[in-house]
Amino acid sequence: MATKRMIAREAQLARRFVSQVNRNELKKVVSSPASTGEQILEAMMRLQSRPVDESPCRRYRRCGSCGRSRGIYRRFGLCRLCIRKYAALGWVPGL
């Protein structure tokens with residue numbers, strides 16, 4: 001089972017992912033060929049000052065039941081262990 005600290009950290013990171021609009025705008029400025037060198041430099045500096053954990057690729061998928069971070073089935077939102085447990089009890093339809 002995941003520690004409470006890890007689950008709390010994932011919840012905190014999930015709140016950061018909501019504000020991706022500003023980050024995406026800065027990335028568009030950097031990749032746009034119409035941007036001037038000064039605009040690109042300013043956008044890159046502002047991107048570097050943002051937290052690293054804000055990036056969407058840092059987000060983990062966790063089991064909704066126990067908080068496990070590995071072996072998660074996207075369809076159910078549960079780890080393989082919880083799926084096995086709930087399927088044996090007959091709580092997962094279709095299994």
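Here the closest non-hydrogen pair linking C63 and C79 is SG-N, 3.3 Å. For S35 against Q39, the heavy-atom pair with the smallest separation is CA-OE1, 3.4 Å. Taking every heavy atom of both residues into account, R50 and N22 meet most closely at NH1-ND2, 3.2 Å. Annotation for V92 and A87: closest pair CG2-N, 4.0 Å, computed over non-hydrogen atoms. Smallest separation of non-hydrogen atoms from A43 and V30: CB-CG2, 3.8 Å.
For the pair R70/R80, no side-chain contact is recorded, criterion being any heavy-atom separation below 4.5 Å from C-beta on. Looking at R62 and R68, their side chains never come closer than 4.5 Å, going by heavy atoms from C-beta outward. With contacts defined as side-chain heavy-atom distances shorter than 4.5 Å, the pair L81/K85 does not qualify. A heavy-atom distance below 4.5 Å is found between the side chains of S65 and Y86.
With S32 contributing its side chain and V29 its backbone, the two residues share no donor-acceptor pair below 3.5 Å.
The distance from the CD1 atom of I83 to the OH atom of Y73 is 6.0 Å, given to the nearest 0.5 Å. Distance check: M6 CE to S69 OG gives 6.5 Å after rounding to the nearest 0.5 Å. Between E42 atom CD and T36 atom OG1 the span is 9.0 Å, to the nearest 0.5 Å. Separating the CZ atom in R84 from the CG atom in L89 is a distance of 12.0 Å, to the nearest 0.5 Å.
Linking Ile, Leu, Val, Met, Phe, Trp and Tyr residues whenever their side-chain heavy atoms come within less than 4.5 Å leaves M45 and L26 in two separate clusters.
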